[in-house]
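Working notes, structure below.
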Number of protein chains: 2
Amino acid sequence: MPKRVDHEERRAQIAEALIRVAGRRGLHAVGMRDVAAEAGVSLRLVQYYFETKEKLLFYGLQHLTARFTARVGARLAAAGPDPGPRATVEALLLASLPTDEEGRTFHLLYSSYAILSVTDGALAAQPFIDNPDAAENALTGLLETARNAGLADPSVAPRTEAVSLLAMAAAMGTSILVGQRTPESAIAVLHHHLNRIFTPTPTKPQ
Amino acid sequence: MPKRVDHEERRAQIAEALIRVAGRRGLHAVGMRDVAAEAGVSLRLVQYYFETKEKLLFYGLQHLTARFTARVGARLAAAGPDPGPRATVEALLLASLPTDEEGRTFHLLYSSYAILSVTDGALAAQPFIDNPDAAENALTGLLETARNAGLADPSVAPRTEAVSLLAMAAAMGTSILVGQRTPESAIAVLHHHLNRIFTPTPTKPQ
DNA sequence: TTTTTCGTGATACGACCGTACCATGATGTT
DNA sequence: AACATCATGGTACGGTCGTATCACGAAAAA
């Protein structure tokens with residue numbers, strides 16, 4: 001047998017090319033030839049590793065969420081070891097804002113996929129219910145933990161606030177994308193609500 | 001000169017056809033032939049009244065926002081004459097949720113246009129800054145009025161809360177669209193925040 | 001009544017898209 | 001050494017898309 005290339009790695013390379021070019025020109029405008037050119041391979045290769053465009057797009061979505069998960073993890077790690085619930089929540093929310101080029105691409109493409117999935121049934125399979133639900137559950141758990149630990153107002157409704165925070169981050173992310181809002185103002189709004197939810201940390205009375 | 005047709009009316013008819021078919025199959029999937037068929041006219045006619053597809057899309061966006069404004073106005077009118085600030089805010093927010101077919105189309109298409117405008121510069125001209133800003137200003141004004149009238153907690157930050165409410169409505173609207181959330185749960189979250197912002201009306205002690 | 005101009009139709013053109021087909025090195029296996 | 005098979009390139013095909021072109025009836029203006 002011949003060269004025996006790692007198919008999964010190749011697919012990842014091509015998927016990243018897809019993400020790059022889609023982040024530049026929009027998901028709707030990207031064709032298989034564009035992806036091939038961006039990845040530096042022939043059109044045939046893209047066809048070889050993903051038989052159809054639909055499969056390429058689907059794999060691209062999976063790759064996108066994987067990379068986003070990694071991004072969130074990195075932000076959490078950067079928040080230091082064993083960060084408090086508030087720092088964790090903050091890292092989670094800020095990671096989803098398009099404050100840098102990577103975040104911009106993530107937000108743009110994830111929104112594009114979401115809108116696409118509304119009308120193009122095949123995309124609507126699962127990932128658009130699973131991932132947001134996971135984030136919502138994680139955030140809810142964090143708020144519950146904080147409340148039980150006395151770090152948050154006892155009257156907060158964890159799930160409702162979790163949903164609210166995620167929704168605000170998502171929509172303000174789009175506002176940033178279209179140039180209506182600055183990242184700073186979005187962060188300020190989020191901080192406002194975090195200050196409302198979390199009681200001032202009683203660690204070190206100054 | 002010949003038949004002298006009202007161009008503006010024709011354009012509106014075609015634009016509504018565009019909105020209908022785009023609401024069904026997605027904005028990215030709609031072609032000029034689809035619009036022509038939906039409007040019951042020939043392809044040539046669509047070309048005649050909108051020379052290019054870009055102009056058709058642009059006019060479609062204008063028409064969409066006009067119809068949405070009318071929808072909000074109708075909701076406000078339905079809230080009775082001289083409704084209080086809270087009822088007005090509620091009507092505004094609920095009108096933007098995709099709870100019926102019309103709202104679904106509005107939300108889907110407006111989101112599509114927004115995402116499109118990120119990469120397709122020509123669309124990014126103005127309307128995506130102006131309209132959201134107007135809504136934000138209107139809501140801010142209502143919250144200020146309520147606060148000054150003693151209907152809202154004096155500690156509320158009108159602009160921040162306005163931004164928050166609009167963002168939550170927008171993002172939860174998308175959640176409804178993709179089937180992740182029910183309209184009822186979205187409305188419940190909004191009510192939660194309205195209850196937080198507005199003090200119980202002291203009109204009629206029961 | 002002639003003429004000009006508007007509204008409308010049918011159709012053609014060039015470009016691009018996703019996909020399919022054919023060919024050919026390279027590399028393991030026998 | 002011969003062969004089977006994987007990886008890759010080149011290219012062609014059918015379809016669709018936005019746009020342009022040609023043609024014609026109808027009605028207001030002369």
Side-chain angles (χ1 to χ4, degrees), chain A residues 1-22 24-61 109 112-113 116-117 119-123, chain B residues 1-22 24-61 109 112-113 116-117 119-123:
Chain A
M1 294 177 183
K3 226 194 314 186
R4 295 249 106 232
V5 153
D6 185 337
H7 280 213
E8 204 52 38
E9 187 183 324
R10 265 264 194 270
R11 268 191 272 266
Q13 287 173 1
I14 297 178
E16 295 215 1
L18 161 67
I19 291 174
R20 279 197 304 273
V21 64
R24 247 184 287 127
R25 286 190 285 211
L27 188 63
H28 69 281
V30 48
M32 311 213 73
R33 286 167 176 85
D34 303 298
V35 176
E38 177 76 22
V41 300
S42 75
L43 169 61
R44 181 66 181 87
L45 260 279
V46 181
Q47 276 191 268
Y48 183 72
Y49 289 101
F50 307 92
E51 278 132 47
T52 176
K53 186 186 183 182
E54 189 176 70
K55 290 180 184 171
L56 169 62
L57 287 180
F58 195 83
Y59 189 95
L61 175 57
L109 294 193
S112 301
Y113 272 112
L116 245 184
S117 78
T119 45
D120 287 31
L123 254 295
Chain B
M1 295 176 184
K3 225 191 320 184
R4 299 250 97 228
V5 153
D6 185 337
H7 279 214
E8 205 52 38
E9 187 183 325
R10 264 262 197 273
R11 269 192 271 266
Q13 288 173 1
I14 297 178
E16 295 215 1
L18 161 66
I19 291 173
R20 279 197 303 275
V21 64
R24 247 183 287 126
R25 286 189 286 211
L27 189 62
H28 69 281
V30 47
M32 312 214 73
R33 287 166 176 85
D34 304 297
V35 176
E38 177 75 22
V41 301
S42 74
L43 169 61
R44 180 68 180 86
L45 261 279
V46 181
Q47 276 191 267
Y48 183 73
Y49 289 103
F50 308 92
E51 278 131 47
T52 176
K53 186 187 184 182
E54 188 176 72
K55 290 180 182 172
L56 169 62
L57 287 180
F58 195 82
Y59 189 94
L61 174 57
L109 293 192
S112 301
Y113 272 113
L116 245 184
S117 79
T119 45
D120 287 32
L123 254 295

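Protein chains get the first letters and strands the later ones, always in sequence-line order, with residue 1 at the start of each.
Put simply, NZ on A:Lys55 is 16 Å from P on C:dG18, counting in whole angstrom units. Rounded to an integer number of Å, the gap from CG of A:Leu43 to C1' of D:dA12 is 12 Å. Between A:His28 atom NE2 and C:dC16 atom P there is a gap of 16 Å when expressed in whole angstrom units. At whole-Å resolution of the value, CE in A:Met32 and P in D:dT8 are 15 Å apart. Rounded to an integer number of Å, the gap from A:Glu8 CD to D:dA7 P is 13 Å. One interatomic measurement links the two molecules: CG of A:Asp6 to P of D:dA7, which rounds to 10 Å at whole-angstrom precision. Distance, B:Leu56 CG to D:dG18 P: 9 Å, rounded to whole Å. The separation between A:Leu18 atom CG and C:dG18 atom P is 11 Å, rounded to whole Å.
Residues satisfying the side chain to side chain donor-acceptor pair (under 3.5 Å) criterion with B:Glu51, sequence neighbours excluded, are B:Lys55. Under the rule for a side chain to side chain contact (heavy atoms under 4.5 Å, CB included), the partners of A:Gln13 that lie at least two apart in sequence or sit in another chain are A:Glu9, A:Arg10. Applying the side chain to side chain donor-acceptor pair (under 3.5 Å) rule to B:Arg24 yields the partners B:Glu38; only residues at least two apart in sequence or on another chain are considered. Every residue meeting the side chain to side chain contact (heavy atoms under 4.5 Å, CB included) condition with A:Leu116, not counting sequence neighbours, appears here in chain and number order: A:Leu27, A:Asp120, B:His28.
Remark: B:His7 is not in phosphate contact with C:dC6, judged by side-chain N or O atoms under 4.0 Å from OP1 or OP2. Considering only side-chain N and O atoms, B:Arg10 lies under 4.0 angstrom from the phosphate OP1 or OP2 of C:dT8.
Note that OG of A:Ser112 is 11.0 Å distant from CG of A:Leu61, once rounded to the nearest 0.5 Å. Taking CD1 of B:Ile14 as the reference point, atom OH of B:Tyr59 lies at 9.5 Å (rounded to 0.5 Å).
Closest to the side chain of B:Arg33, from the set D:dT8, C:dG18, C:dA12, is C:dA12.
No side-chain donor-acceptor contact under 3.5 Å links A:Tyr49 to the backbone of A:Leu56. Put simply, the side chain of B:Arg11 never gets that close to the backbone of B:Phe50: no donor and acceptor are under 3.5 Å apart.
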Begin from the C-alpha positions of B:Met32 and B:Leu43 and carry the test side chain to side chain contact (heavy atoms under 4.5 Å, CB included) through to its verdict.
CA-CA 7 Å; B:Met32 312 214 73; B:Leu43 169 61; 3.7 Å; yes
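Evaluation of atom-type donor-acceptor distances gives no pair under 3.5 Å for the side chain of B:Arg44 against the base of C:dG7.
For DNA chain D, each stem of at least three Watson-Crick or G-U pairs (distances under 3.5 Å) is given as range with range: C:2-5 with D:26-29, C:7-30 with D:1-24.
Near DNA chain D, defined here as any heavy-atom distance below 4.0 Å, the residues from residues 45-53 of chain A are A:Leu45, A:Tyr48, A:Tyr49, listed numerically.
Heavy-atom distances to DNA chain D give each of B:Asp34 and A:Gly40 a nearest nucleotide, and the one nearer the 5′ end belongs to A:Gly40.
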